[in-house]
Amino acid sequence: MATALPIAPDSADPTFDELLAARPALSLHARDGLLVEEVPLARIAAEYGTPTWVYSAGTLRRRFRALKAALEGAGLQASIHYATKANDNQAVLRVLRAEGAGADIVSAGELRATMAAGIPAGETVFSGVGKTLEEIRFALTQGIFQLNAESVEEIDMISAVASEMGVKAPVSLRVNPDVDARTHAKITTGKAENKFGIAYDDALPLYTRMASLPGIRPIGIATHIGSQITDGMSAYRAAYARLAEMVHALRAHNLPVERVDCGGGLGIPYRDEVAPTPEALAGAIKATLGGLGIPVMLEPGRWLVGPAGFLLASVVLQKRGAARRFLVLDAAMNDLLRPAMYEAWHGIVPVSPLARTAALSSADIVGPVCESGDTFAKGRLMPEMVPGDLVAILDAGAYGAVMSSTYNARPLAAEVLVDGARAALVRVRQTHEDLLASQRLPEWLAG
Ligand SMILES: *Cc1c(COP(=O)(O)O)cnc(C)c1O
């Protein structure tokens, strides 16, 4: 396909000032440069080094409250189950828990993480197409609120494990509504050809079967149509209308439906996308599912944490190539994979206050990893930069640190939480020793 990469789109990029104006966690101080809340990023770099993930607790709280208020404002009885896979840092989980968040998890590891952060299993949904027997057993032992089942095979596995334990597993059926969320192909999940959920037409017979199994208590239906949805509410409305239709069909067959799980997917503006508001989402839920008289659940990830995170990086050097200028950072695709994996556009802003008055010219912003895909941005207007200058990569709170790898033997970066004027290390930077520590040599090679 000969389409322009979103990483270097044709229309003019937002300016530094426009990027900051749309991100209340950020401000520019005349002497200290870019601040996250009240903490200068230069101070975080001096104290903890780079690359470092920086999270704004105030932004997490503000966004959770805005979503909650929108749902309440629409008169919905709704619970918010934060999609832990977007960012599973313990400090982030605790800030959201203090606001009242439950969790949506996709592995036993995430269940351990959310429980460690004080989120009870009794407020946690377990999603995913491949839960193992051990994971199902662990979740049931902990008293999981709901398992979202995605296949007939999985339903039989859950029933077998639960029966053996002498319990009935609370199971919701994840229905694939066959709608196109019109987001990136790698993150659309609600079309018939995707691996997720049960085909719409199979849901009624399968739910009937669930009700007959000894280890299953059918409690409702769920969907999740994709991630980074910015294309208005039409896909959501279509999906939720189909869920409402399904609830009516189940009730007509005297099958119990206690609640409906609306999934996540609400997008955020990375560049200049017009992302739907929580009020619009609440309105779409109200219009489609509001008349059923049962509670709804939401599983937002990116919308809550994306704008609350920044990847702070240093310029290693500025390279003048034959055709272009490159800013080589000490952060790379192994830290933030989104540009390489989804051709995602992220705002990148110099930390120094002087950068605001400097002349700007086009530059490609890249990492040091040995892959051409290790490119954060192409053709950005940036000032001249020298080694040690700092930049902040914006909106990196979701699907950032959690997707990091140690490719090129690069240790995982540190994570710092900012809360007002306070900053604290919430994940220690990995060391080279850590990378080697888990490796073993067979005896015939040692020595
Ligand atoms: C990933 C995922 C979410 C969260 O998606 P966001 O786009 O981050 O809101 C919610 N539910 C399920 C089942 C998921 O897989």
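One-based numbering, in listed order, for ligands and for the atoms of each. For this chain, numbers begin at 1 and follow the sequence in order.
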Charged N-O contact under 4.0 Å between [X] and [Y]:
{"X": "Lys68", "Y": "Glu99", "answer": "no"}
{"X": "Asp419", "Y": "Arg61", "answer": "yes"}
{"X": "Asp335", "Y": "Arg410", "answer": "yes"}

Mind listing the N or O contacts between ligand 1 and protein, cut-off under 3.5 Å?
from: ligand 1; atom 1: 7 (O); to: Ser227; atom 2: OG; distance (Å): 2.4
from: ligand 1; atom 1: 7 (O); to: Gly265; atom 2: N; distance (Å): 3.4
from: ligand 1; atom 1: 8 (O); to: Arg302; atom 2: N; distance (Å): 2.7
from: ligand 1; atom 1: 8 (O); to: Tyr399; atom 2: OH; distance (Å): 2.6
from: ligand 1; atom 1: 9 (O); to: Gly265; atom 2: N; distance (Å): 2.8
from: ligand 1; atom 1: 9 (O); to: Gly301; atom 2: N; distance (Å): 2.9
from: ligand 1; atom 1: 11 (N); to: Asp104; atom 2: OD2; distance (Å): 3.4
from: ligand 1; atom 1: 11 (N); to: Glu299; atom 2: OE1; distance (Å): 2.5
from: ligand 1; atom 1: 15 (O); to: Lys85; atom 2: NZ; distance (Å): 2.7

How would you list, by chain and number, every residue that makes a side chain to side chain contact (heavy atoms under 4.5 Å, CB included) with Met341, sequence neighbours excluded? Lys186, Leu337, Met403
Would you please say whether a donor-acceptor pair under 3.5 Å links the side chains of Ser172 and Asp261? no
Is the backbone of Asp104 close enough, under 3.5 Å, to the side chain of Thr84 for a donor and an acceptor to pair up by distance? yes
